[in-house]
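What follows is one structure encoded as structure tokens, with my remarks underneath.
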Amino acid sequence: MGQAETSLQTDRLVLRRLSFWDGAFVLRLVSQPKTRRYLGGVQPFFQRMRHLPRYWDGLVFRCVWQRPRICFVSLSQHIDGEALELSYQFLPASWGQGLATEACGAVLSYADQYLSDQKVIAETQIANGVSIRVLQKLGFKEKTRVSRHGAEHGIYQR
């Protein structure tokens with residue numbers, strides 16, 4: 001992916017490219033049971049450490065809002081290999097304030113400007129109504145459903 005901008009800004013957020021130095025934050029974020037509820041749950045520490053390098057594949061932003069590092073939002077190759085997947089995880093303390101919609105909107109604007117030749121999709125568990133509402137606000141519509149990790153997931157496309 002191109003080396004266009006390395007940070008994005010909204011009214012309330014600054015989104016910066018994730019760096020190696022954000023490793024402790026990523027481990028903290030993916031260790032949150034509430035955050036991981038619809039993402040397969042919290043993995044044992046050794047598995048989290050083994051998968052840590054994947055957070056530097058693709059285009060991953062961390063968000064800063066009133067205090068450092070509340071989330072990450074990423075665009076990376078979807079498991080089907082045919083599109084980029086918008087993905088996001090926020091610390092629970094930042095939920096319910098419209099920050100996911102704001103952060104993802106900024107990343108999607110970036111994609112529209114610099115990655116316009118790529119299709120962007122999102123996948124979430126059907127049980128995750130909050131995430132589905134965020135995706136709908138961003139202009140995504142359900143395209144299909146799949147079963148993964150013992151749960152029904154919706155694939156959403158703009």
Side-chain angles (χ1 to χ4, degrees), residues 1-8 10 13 15-20 22-23 25-27 29-63 70-92 95 99-158:
M1 296 193 196
Q3 289 287 11
E5 296 181 34
T6 57
S7 67
L8 308 172
T10 70
L13 299 169
L15 294 88
R16 295 191 179 102
R17 292 291 299 264
L18 198 66
S19 77
F20 175 78
D22 293 312
F25 161 70
V26 171
L27 287 174
L29 181 63
V30 301
S31 299
Q32 299 287 319
K34 286 183 177 180
T35 300
R36 299 290 303 170
R37 179 177 176 193
Y38 297 108
L39 298 168
V42 175
Q43 297 174 331
F45 182 76
F46 73 92
Q47 284 182 312
R48 286 179 277 158
M49 289 299 292
R50 188 177 75 224
H51 294 295
L52 193 59
R54 76 184 167 115
Y55 292 102
W56 286 270
D57 293 339
L59 182 65
V60 184
F61 292 95
R62 66 176 162 89
C63 294
I70 62 165
C71 75
F72 68 76
V73 178
S74 66
L75 284 173
S76 59
Q77 200 67 36
H78 184 258
I79 194 169
D80 71 6
E82 296 179 16
L84 293 177
E85 179 180 9
L86 174 70
S87 182
Y88 49 94
Q89 294 181 45
F90 280 74
L91 289 173
W95 292 359
L99 297 171
T101 304
E102 188 173 328
C104 291
V107 171
L108 289 169
S109 292
Y110 176 96
D112 290 344
Q113 184 174 358
Y114 295 105
L115 307 169
S116 59
D117 60 329
Q118 301 272 340
K119 177 171 67 171
V120 177
I121 63 172
E123 180 175 336
T124 190
Q125 282 189 25
I126 295 303
N128 191 349
V130 173
S131 188
I132 290 169
R133 285 190 294 282
V134 168
L135 294 173
Q136 289 170 338
K137 287 179 189 175
L138 293 167
F140 284 85
K141 296 192 182 332
E142 186 176 331
K143 177 181 159 188
T144 189
R145 291 189 180 192
V146 297
S147 180
R148 289 196 216 286
H149 314 294
E152 187 176 29
H153 289 236
I155 308 289
Y156 294 80
Q157 187 174 347
R158 296 191 320 159

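Positions are given from 1, in the same order as the sequence printed here.
- Leu15 CG to Ser7 OG: the interatomic distance, rounded to the nearest 0.5 Å, is 8.5 Å.
- Separating the CD atom in Glu102 from the NZ atom in Lys137 is a distance of 11.5 Å, to the nearest 0.5 Å.
- Remark: Ile126 CD1 is packed, more than 12 non-hydrogen atoms of other residues, nucleotides or ligands lying under 6.0 Å away.
- By the 4.0 Å N-to-carboxylate-O rule, Asp80 lies too far from Lys119 to be salt-bridged with it.
- Between Tyr110 and Tyr114, the ring planes are tilted. Angles from 30° to 60° get that label.
- With rounding to the nearest 0.5 angstrom, the CD atom of Glu82 is 9.5 Å from the CD atom of Gln77.
- What you find for Glu85 and Ala122 is that their closest heavy atoms are CG-CA, 4.4 Å.
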Side chain to side chain contact (heavy atoms under 4.5 Å, CB included) for Val134 and Tyr88? Distances and angles first, verdict last.
CA-CA 11 Å; Val134 168; Tyr88 49 94; 3.7 Å; yes

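- Nearest heavy atom pair, residue Ala103 against residue Phe90, reads CB-CZ, 3.9 Å.
- A side chain to side chain contact (heavy atoms under 4.5 Å, CB included) with Glu123 is found for exactly one of Leu86, Leu135, Val146, Thr144, namely Val146.
- Residues Ile121 and His78 come closest through the heavy atom pair CD1-CG, 3.5 Å.
- In this structure, CD1 on Ile132 lies 13.0 Å from CZ on Phe140, to the nearest 0.5 angstrom.
- In terms of heavy atoms, Arg148 sits closest to Ile155 at NH2-CD1, 4.2 Å.
- Annotation: the span from His153 atom NE2 to Arg145 atom CZ amounts to 11.5 Å, rounded to 0.5 Å.
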